[in-house]
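Atoms considered below: every heavy atom in the structure, side chains included; atoms not considered: hydrogens, waters and symmetry mates.
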Amino acid sequence: MAWREIDGQLIFLDLAADRYFRLGRDQNHTFLDMVARSGRERWRQPPDFPRPLNWAPPTRTSQAIEFGAFSLSEIAHSLWTQRRVERRIATSGFHSVLSETRQLLARRDRPRSDSAIADRIVRSFEHARILRTAANRCLPRSIALAVRLAARGAPVNVVIAVKLAPFAAHCWAQADDVVLNDSVEEVQRYTPLLVL
């Protein structure tokens, strides 16, 4: 269970059930009082999904989204990876896919890729949006992008975030403070809830 306080409201992500929920007003107030008395942080990730120590909030958008060559083979690989992630989520479940992704992203035994390769992969996902809409696919797109980059040795995080009024969830891939598959203006509308 991941949770975070946003504007006085606790938002929970039940990873096993793949659902978000809130507490009632009285329960929310009681829980926040308990957290305040304990001195704990108002953002908790489960022990098996620790927040990466090097993660920083996003401040920039990757230039590779806008600039770069068109590569049909890279686009095909990106679409194939995204479909594979979608199938894994459907068959194995949200928690299982996030667990596998976290393990892959945490591996540091691969040689680091050069930035040109990483930029080409990022650009291929942007071009893939032309062939297959990104609407309502931010989670599999972000995981697929992170998996492809991590396989090449690039350090990357997957961020799952939410916003209130109206409630919405979003996901993006990020390297350092750079958003790789969305604009920084868009993702800053959301509050991170789980960072892999």
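Note that the CZ atom of R120 and the OG atom of S73 stand 8.0 Å from one another [nearest 0.5 Å]. Atoms CD and CG, from E5 and L10 in turn, are 6.5 Å apart once rounded to the nearest 0.5 Å. Taken to the nearest 0.5 Å, the CG atom of D7 stands 12.0 Å off from the NZ atom of K163. In this structure, S183 OG and I65 CD1 are separated by 7.5 Å, a value rounded to the nearest 0.5 Å. With rounding to the nearest 0.5 angstrom, the CZ atom of R148 is 5.5 Å from the OG1 atom of T81. The line from OG1 of T59 to CD of Q174 is 8.5 Å long, rounded to the nearest 0.5 Å.
Here the shortest heavy-atom pairing between A146 and V156 reads O-CG1, 3.6 Å. Closest approach of A69 to H127, counting heavy atoms only: O-CE1, 3.6 Å. Minimum heavy-atom separation, Q45 to P50: NE2-C, 3.6 Å. The two atoms that bring L193 and W43 nearest to each other are O-NE1, 2.9 Å, heavy atoms only. Across D119 and A64, no two heavy atoms sit closer than the pair O-CB, 3.6 Å.
Under the 4.5 Å side-chain heavy-atom criterion for grouping Ile, Leu, Val, Met, Phe, Trp and Tyr, L145 is not connected to V195 through any hydrophobic cluster. I6 and L32 fall into different hydrophobic clusters, where Ile, Leu, Val, Met, Phe, Trp and Tyr side chains are chained together by heavy-atom contacts under 4.5 Å. In the hydrophobic clustering of ILVMFWY residues, with side-chain heavy atoms under 4.5 Å counting as a link, V158 and V122 come out together. Both L98 and I89 are part of a single hydrophobic cluster, where members link through side-chain heavy atoms under 4.5 Å apart. By the criterion of side-chain heavy atoms lying less than 4.5 angstrom apart, applied directly or through intervening Ile, Leu, Val, Met, Phe, Trp or Tyr residues, L104 is grouped together with I117 in one hydrophobic cluster.
Contact annotation: the side chain of P192 never approaches that of R51 to less than 4.5 Å [non-hydrogen atoms, C-beta and beyond]. For the pair W172/L180, no side-chain contact is recorded, criterion being any heavy-atom separation below 4.5 Å from C-beta on. Side-chain contact between L105 and R102: absent, with no pair of heavy atoms (C-beta onward) separated by less than 4.5 Å. Residues L164 and I11 are in side-chain contact: their nearest non-hydrogen atoms beyond the backbone lie under 4.5 Å apart. Residues D18 and H95 have side chains not in contact (no heavy-atom distance under 4.5 Å, counting atoms from C-beta outward). Looking at F94 and L139, their side chains come closer than 4.5 Å, going by heavy atoms from C-beta outward. Residues R84 and V147 are in side-chain contact: their nearest non-hydrogen atoms beyond the backbone lie under 4.5 Å apart. Looking only at side-chain heavy atoms (C-beta outward), N28 and R22 stay at 4.5 Å or farther from each other.
A donor-acceptor contact closer than 3.5 angstrom links the side chains of S142 and N181. No hydrogens or angles considered: nothing links the side chains of R87 and T91 as a donor-acceptor pair under 3.5 Å.
With respect to the salt-bridge test (charged N to carboxylate O, under 4.0 angstrom), the residues E86 and R83 qualify. One finds a salt bridge joining R189 and E186 here, because a Lys/Arg side-chain nitrogen approaches an Asp/Glu carboxylate oxygen to under 4.0 Å.
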- Check the pair H29, D33 against side chain to side chain contact (heavy atoms under 4.5 Å, CB included), reporting the backbone distance first and the verdict last. CA-CA 6 Å; H29 183 70; D33 283 348; 3.2 Å; yes
| said: Under the criterion side chain to side chain contact (heavy atoms under 4.5 Å, CB included), I'd like the reasoning laid out for L23 against F12: C-alpha separation, chi angles, the key distance, then a yes or no. | reply: CA-CA 9 Å; L23 299 175; F12 293 84; 3.6 Å; yes
- Is there a side chain to side chain contact (heavy atoms under 4.5 Å, CB included) between H170 and D182 once you walk through the steps? CA-CA 10 Å; H170 192 36; D182 207 337; 2.6 Å; yes
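Listed for the S124 side chain is a donor-acceptor partner under 3.5 Å among the backbone atoms of I121. No side-chain donor-acceptor contact under 3.5 Å links R4 to the backbone of L194. Side chain of T61 to main chain of V184: a donor-acceptor pair is present (N/O by atom type, distance under 3.5 Å, no hydrogens or angles). A donor-acceptor pair under 3.5 Å links the side-chain atoms of R141 to the main chain of F125, judged by distance alone. For the pair Q188 (side chain) and P58 (backbone), a donor-acceptor distance under 3.5 Å is present. In this structure, D176 contributes its side chain and P155 its backbone to no donor-acceptor pair below 3.5 Å. Although no hydrogens or angles enter the test, the distance criterion places a donor-acceptor pair under 3.5 Å between the side chain of N157 and the main chain of L196.
When the shell of 6.0 Å around CZ of F67 is examined, it contains 12 or fewer heavy atoms from other residues, nucleotides or ligands.
Screening F21, F31, Y20 for a ring-ring contact (aromatic ring centres under 6.0 Å, His included) with W3, the sole residue that qualifies is F31.
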